[in-house]
2 protein chains.
Amino acid sequence: MAQLKDFTKEQLKAFEAEAQKKYDAYVSAGISINMARGKPSSEQLDLSDELLYMSREQFSPFSENGTDCRNYGELYGVDECRKLFGDLLGVDKKNVIACGSSSLNLMFDYIAQCCYAGIGGCKPWMLNEKRKFIAVVPGYDRHFAIAEYFGLEMINVPMTSEGPDMDMIEEIIRDPDVKGMFCVPKYSNPDGITYSDETVRRLAAMKPAARDFRVIWDAAYIIHDFYDEGDTLLNIFDEAKKYGNEDNFIAFTSTSKITFAGAGVSAMAASDANFEEISKRLTLQIISYDKINQLKHCRIYKTVEDVKAQMKKHADILRPKFSTVLEILEKELGGLGIAQWNEPKGGYFISLDVTGGSARLVGELCKKAGLTLTGVGATYPYKKDPEDKNIRLAPSCPKIEELKTATEIICLAVKIAACKELLENK
Amino acid sequence: MAQLKDFTKEQLKAFEAEAQKKYDAYVSAGISINMARGKPSSEQLDLSDELLYMSREQFSPFSENGTDCRNYGELYGVDECRKLFGDLLGVDKKNVIACGSSSLNLMFDYIAQCCYAGIGGCKPWMLNEKRKFIAVVPGYDRHFAIAEYFGLEMINVPMTSEGPDMDMIEEIIRDPDVKGMFCVPKYSNPDGITYSDETVRRLAAMKPAARDFRVIWDAAYIIHDFYDEGDTLLNIFDEAKKYGNEDNFIAFTSTSKITFAGAGVSAMAASDANFEEISKRLTLQIISYDKINQLKHCRIYKTVEDVKAQMKKHADILRPKFSTVLEILEKELGGLGIAQWNEPKGGYFISLDVTGGSARLVGELCKKAGLTLTGVGATYPYKKDPEDKNIRLAPSCPKIEELKTATEIICLAVKIAACKELLENK
């Protein structure tokens, strides 16, 4: 099929009219589908119901080292849980803290600590007149919201197929006001891109002007592959150590998309120096995290292999959902030159870029047809997508039939918006 | 028995020698007992094992309003859990947020928010050159540690049998640099004193110079009575509303000493305005707390009456422990004029005041005999007990036999220390 931009005015009008007709039919049908958030589906949650219903035979509240997990103690978490997360993240368990149910909370708290207490022997970020943060775009709205809340002025750095534009980053970090960056290095949110070896090495080698520069390494989808051969990500701590830069990175992860969303276990991994600084706060902030939930997880998932087996079950549910969306995108929009998307091999999102600054209009059209998407613009700092092009699709929660309908509506909306834009400029 | 201060030098020496002999016998016996922290005993934890082992028949992960608690959502917690905590605290559920496992974490986070973001439309506390906090003494070491961490200069206000010295507080709050106070209004830590109605009313009526003055109302032992007739505490929010002062108070509690310590559910209650401010942070800090644990708690404890029934079982375990300690204190130290203590009707602690600035020596003697107490001085800000008099006893965890030994050692140590001090001044 020819690219839409090469259509004549008449052809465009006919094309638009057909899309509009189909779109109107969906509006009349009164649909209600939500593709806004990266939530697991009920079917996925069912995979972990064993956690809810353990018998006395399956579960004793005493950990391997004899800790009664029903009582206070073990600020850094249950030993076997630290070990499991250490193995998942590729770090020694002594550098791991197993925490509560939310890794977002851990990231927020760490940024907060940087702001009010300061880290690395530097003054609190709050006391710097200017404090800046690198925002890899498109990215995760909740990361940006934290940075905005703490007054970190965000500097957009675009994603490439290899990860963030490293040339830009290497330039930006020469400014001592630039204090760090958030990133989702594997199956990035929303692009589903895994950082290449070169990108990881360049990040590891960074020598930022700010001594208290920190990369929030959000390993949210570290083991969330759709296929036996998933993307591979270099171990950031191993790489950073080669340059003496391990203090630049703090890694975060959770089982929210392994077991229960918001009711699993989170963890962070940090260098010895960062661990010590975090400990100083932690020892005041909490007596101990919920070790019962940690231990229950460890009784079911004893090794990384056990987690991988669970992730295969998730993949069997997620793969067809992603395929459904991707096939319809290709069938309806392929070759038209009005949209681009990735085909992620894992994670929770598909990132759709539309041409001509029409993303917001696409979002509105979808909404009118009863389809809720992630707020258009949300994948950029301050909710401002400068080119108004990016739309995040979250296919995990709706059923396959719903996804078909939803994606057809999206494609129709993209076509209508593109026609409008092209016709205006004809 | 005559008071020790009226003993002659010779009588004192003989008294000391006898105490020393008994003490030495304990040292030789090689004891190891820990009375440092307010930890529940295994027997108490066993009371809640039902939480660990619920069957499919007992537990569905869907809350009353149909929320799947295995997934994200319900930032303020499961509805029925908010209701239960609301009933416990005497506030409407709309003003309650049911959270994770630690109320200490909630208090820390709130103080942090005051420091970096500011509250009540005022600038962040951190940006005030001076920021002060009232420390009710003796008090909870972890409260003081949080205040110290955030650079809040603490001003000691002594406890009376009615609660903190309100005359002093009413004077201190005229200073706009004074930003608030921590308190444990029922069965205070460590005195076990419940604030009188007059104290609560005066606190409720306070008009501090600082518009962002906040009382951290730590309702840790709100329902933790040893007897059918427990102490009663006025509802702070009801009282404060009479003066339009409900924004001055934030209440915190948890089930750490109802179900599992560090693996229960915590909650906070706040006025509409404070709730809104906390929400602004919370919505960035976390997607949702562990609702599974919340819901499991609510399936077992449907009403305040259910919680009270559980607390009676705790009381049956704790009462004899406290009685054991109190009886030995009375038998060994009563009438000697060298120590004072309260007889709390609930809570987790007995506060022992010794004369003559000898608390530290008592602590050392106990330690040498294998008995670990809360660090002497810890019940005061900066770990500095100006009169070196207060010792916190935590009788909950050791067994009765251990408590007998422990209290005998404490009494011997108090006697020895008192004799030393009196002999020095004879």
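To find a chain, count down the sequence lines: A is the first, B the second, and so on, and within it residues start at 1. As a basis for the values below, the full set of heavy atoms in this structure was taken, side chains included, without hydrogen atoms, waters or symmetry mates.
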**Request:** Might you work through the side-chain contact (heavy atoms from CB on, under 4.5 Å) test for B:Y53 and A:Q58, ending with a clear yes or no?
**Result:** CA-CA 10 Å; B:Y53 307 116; A:Q58 288 171 291; over 6 Å; no
**Request:** Take A:K123 and A:D212, measure what salt bridge (charged side-chain N to carboxylate O under 4.0 Å, His left out) needs, and give me the verdict at the end.
**Result:** CA-CA 9 Å; A:K123 70 178 173 183; A:D212 50 355; over 6 Å; no
**Derivation and outcome, side-chain contact (heavy atoms from CB on, under 4.5 Å), residues B:S102 and A:I287** = CA-CA 8 Å; B:S102 163; A:I287 303 175; 5.9 Å; no
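Of the residues considered (B:M107, B:Q44, B:K257), B:K257 shows the highest number of contacts with chain A, using heavy-atom pairs under 4.5 Å. With chain A as partner, the option from B:L52, B:L45, B:I286, B:I292 having the largest number of non-hydrogen pairs under 4.5 angstrom is B:L45. For chain A, the option among B:L106, B:T259, B:N71 with the highest count of heavy-atom pairs below 4.5 Å is B:N71. Across B:C115, B:S55, B:G100, the residue that shares the most heavy-atom pairs under 4.5 angstrom with chain A is B:S55. Highest contact tally toward chain A, considering only B:P40, B:P124, B:A145, is held by B:P40 [criterion: heavy-atom pairs under 4.5 Å]. Contact count against chain B (heavy-atom pairs under 4.5 Å) is highest for A:D49 among A:D49, A:L127, A:T283. Contact count against chain A (heavy-atom pairs under 4.5 Å) is highest for B:S256 among B:S256, B:S41, B:C397, B:A117.
With a threshold of 4.5 angstrom between heavy atoms, B:I111 does not approach chain A through any atom at all. A:S48 does not touch chain B: none of its heavy atoms, backbone or side chain, sits under 4.5 Å away. The contact between B:Q113 and chain A is made entirely by side chain atoms (from C-beta outward), counting heavy-atom distances below 4.5 Å. With a 4.5 Å cut-off on non-hydrogen atoms, A:F108 touches chain B through its side chain but not through its backbone. For chain A, no part of B:S103 is nearby; none of its heavy atoms comes within less than 4.5 Å. Only the side chain of A:D68 has a heavy atom closer than 4.5 Å to any heavy atom of chain B. Contact of A:Q294 with chain B is not made at all, since no heavy-atom distance falls under 4.5 Å. Only the backbone of A:S60 comes within less than 4.5 Å of a heavy atom of chain B; no side-chain atom from C-beta onward does.
What you find for B:E64 and B:E80 is that their closest heavy atoms are N-OE2, 2.9 Å. When all heavy atoms are compared, the tightest approach of A:A135 to A:F144 is CB-CE2, 3.6 Å.
Here the CZ-NZ distance, from B:F62 to B:K291, works out to 11.5 Å after rounding to the nearest 0.5 Å.
Residues B:Y301 and B:Q310 have side chains that bring a donor and an acceptor to within less than 3.5 angstrom of each other.
The environment of B:E50 atom CD is sparse: at most 12 non-hydrogen atoms of other residues, nucleotides or ligands sit within 6.0 angstrom.
Aromatic ring pairs are classed by plane angle as parallel below 30°, tilted from 30° to 60° and perpendicular above 60°; the pair A:H143 and A:F182 is parallel.
Ion pairing between B:D141 and B:R37 holds under the 4.0 Å rule for side-chain N and carboxylate O.
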